[in-house]
Amino acid sequence: MHRGFGQFCPLALASEVLTQRWTLLVIRELLAGSTHFNDIRRGVPRISATLLKERLETLEQAEIVERKR
């Protein structure tokens, strides 16, 4: 898991999450309407499934995205 700098400022916290490699591309796909894992993979074809899973979990833990079953 990514360990940040322990910042309390909301902008610093957001930058710790959003500046990880591939994260903004994943968010772009979500904003473009992708709702499933494989949709995101097609939109960001060079990201590995493992890394995509990690990025989505990080976004979920930061309460930026919400998983619906």
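Counting from 1, the numbers follow the sequence of the chain as shown.
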Value rounded to 0.5 Å, distance of CD1 in Ile64 from CD1 in Ile27: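 Answer for the CD1-CD1 pair, Ile64 versus Ile27, is 5.5 Å.
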Atom NZ of Lys53 and atom CD1 of Ile40: how far apart are they, to the nearest 0.5 Å?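 Rounded to the nearest 0.5 Å, the NZ-CD1 separation comes out at 13.5 Å.
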Sequence neighbours left out, cut at 3.5 Å: what donor-acceptor pairs do the side chains of residues 42-52 make with other protein atoms?
unit_1: Arg42; atom_1: NH2; unit_2: Asp39; atom_2: OD1; d: 2.6
unit_1: Ser48; atom_1: OG; unit_2: Leu51; atom_2: N; d: 3.1

Counting only N and O atoms by type, is there a donor-acceptor contact under 3.5 Å from the side chain of Thr58 to the main-chain atoms of Glu54?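 Indeed, once roles are kept as given, a pair shorter than 3.5 Å links the two residues.
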Which heavy atom of Leu18 sits nearest to which heavy atom of Thr23, and what is that distance?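 Closest approach of Leu18 to Thr23: O-CB, 3.9 Å.
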Tell me, which pairs form a salt bridge (Lys or Arg N to Asp or Glu O under 4.0 Å) where one or both residues lie in residues 21-31, sequence neighbours left out?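 Listed once each, the pairs would be none.
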When you group the ILVMFWY residues by side-chain heavy-atom contacts below 4.5 Å and let the links chain together, are Leu24 and Leu31 in the same group?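 Yes, one cluster joins them.
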